[in-house]
Amino acid sequence: MEHTLQIYNTLTRKKEVFIPIHSPNVGLYVCGPTVYGDAHLGHARPAITFDLLFRYLTHLGYKVRYVRNITDVGHLEHDADEGEDKVAKKARVEQKEPMEIVQFYLNRYRKAMEQLNVLPPSIEPHASGHIMEQIEFTQKIIDAGFAYQSEGSVYFDVEKYNKQYHYGKLSGRNIEELLETTRTLDGQIEKKKSVDFALWKKASPEHIMRWKSPWSDGFPGWHMECSAMGTKYLGEEFDIHGGGMDLVFPHHECEIAQSTAALGKETVRYWMHNNMITINGQKMGKSLGNFITLDEFFGGSHPLLSQAFSAMTIRFFILQAHYRSTVDFSNEALQASEKGLNKLLETYARLQKITPSATSTIDVSGLRAKCEEAMKDDLNTPIVLSHLFEASKAINTVADGKASLSAKDVAELKSVFKLFVEDILGLQQTTKDNTQHEAYQKAIDLLLELRLEAKRNKDFALSDKIRNELTTLGFSIKDTKEGFEWSL
RNA sequence: GGUUCCUUGGCCGAGUGGCUAGGCACCGGUCUGCAAAACCGUAUACGGCGGUUCGAAUCCGCCAGGAACCUCCA
């Protein structure tokens with residue numbers, strides 16, 4: 001397996017050559033959603049970023065086990081204050097089971113991901129289905145001497161851990177500084193130090209998700225599920241752990257501490273973090289209330305949106321920026337993405353119809369290598385797209401009859417576009433399903449044949465009528481040298 | 001306040017020392033009955049001030065502006 005895929009490791013703050021522990025197998029763990037509300041644009045970013053990584057690693061020949069967890073524990077309280085959502089409110093009023101809420105939003109999450117063409121992970125473990133593993137993991141940390149009990153809860157002893165290991169290595173913090181800058185919060189009297197974090201929390205009376213444990217009726221700490229489930233499915237040492245940049249501290253920092261304390265060694269080799277999506281320069285997030293849900297994009301039902309945007313437009317929009325940069329959302333930016341994506345996909349469709357010539361007048365040989373090179377440079381999708389757009393220009397020139405391509409070159413282009421556009425970037429024609437019915441296609445073709453005939457007879461009133469009415473119905477009609485093209 | 005990071009043309013967004021990224025928008029042209037699409041071409045850039053260098057958007061310093069994180073909050 002000859003390649004030099006470089007990925008940026010948050011742990012070392014530089015790009016590193018990716019070398020799997022047990023090639024050709026690769027273990028990939030990504031922090032998934034907390035399913036208590038609809039997924040918003042911010043959720044699409046890690047899903048697409050790591051979907052891209054999953055697809056690319058697979059393309060390189062690796063056998064990837066991709067684990068993406070579902071957080072459905074610990075944060076669902078009876079008095080949840082995220083009451084704006086009607087369904088959640090209704091569920092609360094109707095005293096629904098928390099698992100009903102979880103299932104409801106998980107179904108919606110999966111549907112949104114499918115629309116974004118995000119491949120399902122290999123394993124999607126629920127935190128609630130791994131309480132035993134989390135209890136055992138907590139016990140290991142207690143046995144190792146890095147945790148203590150207090151009032152039925154179990155806390156991680158960060159100071160003690162830091163004497164032997166380095167707490168803060170991922171986020172670049174030091175413990176002294178943390179002790180100084182940490183805000184005072186309620187309920188911290190149970191903890192020895194403010195930097196300590198909960199491994200197991202005793203449930204307050206209103207907390208409806210609770211399990212029995214050696215310490216109390218309660219629930220696992222937030223960071224515990226990833227340590228327990230990651231090592232369960234990927235082993236005590238695995239290759240890549242991903243997630244949003246906002247999870248670096250404290251979530252991933254604590255995860256490292258937990259796993260190192262329990263196992264005596266580093267669990268994760270490469271930490272990868274996608275940056276945030278911003279809106280007016282500010283992070284789009286639940287707590288700020290400035291998020292737009294994916295369904296709102298798909299339906300165009302948000303005051304900031306002038307129209308509906310397809311899932312593919314969202315995907316393309318995200319891939320147009322490098323995953324470690326912030327990307328600023330705006331209606332205008334999405335409109336630009338929509339047009340760019342259409343251009344790329346239309347060119348791809350046009351490529352299928354190109355008639356090869358004896359020789360090529362343009363050079364297309366370097367495209368594959370250039371795209372590979374960009375991908376291997378820490379998944380630089382904007383560069384991949386720029387190469388594809390340059391190739392698009394060449395393809396359109398040929399389609400215009402101003403240049404020619406040999407059969408071999410046409411085949412190469414088809415192959416490269418299929419690989420990068422479809423298989424790796426995961427971009428596809430959204431309206432495919434609607435236009436696949438042969439009879440339907442032929443009916444439209446027939447109408448346009450009639451229009452062409454009318455044009456030949458200079459009956460422009462009729463030809464314009466056909467075009468205008470089809471346009472009103474949502475069709476886009478383009479005349480070409482040979483005849484016409486249409487799309488919905 | 002602390003830590004880390006960012007500031008590129010009208011908009012989005014690559015690029016870490018020298019060679020036009022790309023997309024959208026704009027303008028001019030080709031094509032077309034018209035339109036759309038496509039193609040060709042022009043223009044607009046590197047927050048400010050200094051420094052290093054033959055040469056800096058790219059390295060260093062200062063200043064200005066902005067962001068993320070600073071623990072149960074998801």
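So that the names make sense, note that chain A is the first sequence line, chain B the second, and so on, each numbered from 1.
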Give each protein N/O atom lying under 3.5 Å from an N/O atom of nucleotides 26-31 of chain B, with the pair distance.
none

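- Note that A:K286 lies in the cation-pi zone of A:Y36, set by a 6.0 Å cut-off to the ring centre and a 45° limit from the axis.
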Nucleotide N/O to protein N/O under 3.5 Å, stretch nucleotides 19-25 of chain B:
{"residue": "B:A25", "atom": "OP1", "partner": "A:K339", "partner atom": "NZ", "Å": "2.9"}

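- Between the CG atom of A:N290 and the P atom of B:A74 there is a distance of 16 Å, rounded to whole Å.
- Residue A:E338 is classed as having no contact, given no heavy-atom separation below 4.0 Å to the nucleic acid.
- Across all non-hydrogen atoms, the minimal contact from A:A147 to A:I142 is CB-CG1, 3.9 Å.
- Listed by residue number, the members of residues 270-279 of chain A with any heavy atom below 4.0 angstrom from RNA chain B form an empty set.
- At the phosphate of B:C69, OP1 or OP2 sits under 4.0 Å from a side-chain N or O atom of A:K283.
- Note on A:F249: only backbone sugar-phosphate atoms sit closer than 4.0 angstrom, heavy atoms only; bases stay farther off.
- The side chain to side chain contact (heavy atoms under 4.5 Å, CB included) test applied to A:Y165 returns A:F146, A:Y161, A:T260, not counting sequence neighbours.
- Closest approach of A:M229 to A:P125, counting heavy atoms only: SD-CB, 3.6 Å.
- Using a 4.0 Å heavy-atom cutoff across all strands shown, A:D400 reaches at least one base atom of the nucleic acid.
- Of the listed nucleotides (B:A37, B:G33, B:C73), B:G33 has the atom at the smallest distance from the side chain of A:R451.
- Between B:G9 and B:C5, the two P atoms lie 23 Å apart (nearest whole Å).
- Taking the ring-ring contact (aromatic ring centres under 6.0 Å, His included) definition, one finds that A:Y348 meets it with A:F417, sequence neighbours left out.
- Taking atom C1' in both B:U20 and B:A43, the straight-line distance is 13 Å, to the nearest Å.
- A cation-pi geometry, defined here as NZ or CZ lying under 6.0 Å from the six-membered ring centre and within 45° of its normal, does not hold between A:R45 and A:Y323.
- Relative ring orientation between A:H251 and A:W222 is described as parallel, the plane-to-plane angle staying below 30° on a 0-90° scale split at 30° and 60°.
- Side-chain to base pairing of A:R467 with B:A36: no donor and acceptor N or O lie closer than 3.5 Å to each other.
- At the heavy-atom level, A:N380 lies under 4.0 Å from the strands shown only through sugar-phosphate atoms.
- You'll find that the side chain of A:N396 is closest to B:A38, out of B:A38, B:G33, B:C70.
- The A:H223 side chain lies nearest to B:U71 when the options are B:U71, B:C70, B:C40.
- Using a 4.0 Å heavy-atom criterion, one finds that A:V327 contacts the sugar-phosphate atoms exclusively.
- Comparing A:S325 and A:D464 against RNA chain B, the residue whose closest nucleotide sits nearer the 5' end is A:S325.
- A:L170 has its CG atom 15 Å from the P atom of B:C69, to the nearest Å.
- Seen from the ring of A:F249, A:R173 counts as a face-on cation partner, given the 6.0 Å and 45° thresholds.
- The existence of a salt bridge linking A:K193 and A:D157 is excluded, since no basic side-chain nitrogen approaches an acidic carboxylate oxygen closer than 4.0 Å.
- Across the C1' atoms, B:A56 and B:C70 are found 35 Å apart, a figure rounded to whole Å.
- Remark: A:K192 is positioned above the aromatic ring of A:Y148, its terminal NZ or CZ atom under 6.0 angstrom from the ring centre and at most 45 degrees off the axis.
- Taking atom C1' in both B:U53 and B:G18, one finds a spacing of 12 Å when rounded to whole Å.
- Among B:U71, B:A14, B:G33, the nucleotide with an atom closest to any side-chain atom of A:Y167 is B:U71.
- Separating the CG atom of A:N174 from the P atom of B:C70 is a distance of 16 Å, rounded to the nearest angstrom.
- A distance cut-off of 5.5 Å between ring centres, combined with a plane angle under 30°, places A:F460 in a stacking arrangement with the base of B:G33.
- At the heavy-atom level, A:A198 lies under 4.0 Å from base atoms of the strands shown.
- Closest contact between the side chain of A:Q282 and the listed nucleotides B:U71, B:C39, B:A67 involves B:A67.
- The side chain of A:A333 sits closest to B:C12 out of B:C12, B:A14, B:C34.
- A straight line from CD of A:E373 to P of B:G15 spans 13 Å, rounded to a whole angstrom.
- The ring-ring contact (aromatic ring centres under 6.0 Å, His included) test applied to A:F291 returns A:H40, not counting sequence neighbours.
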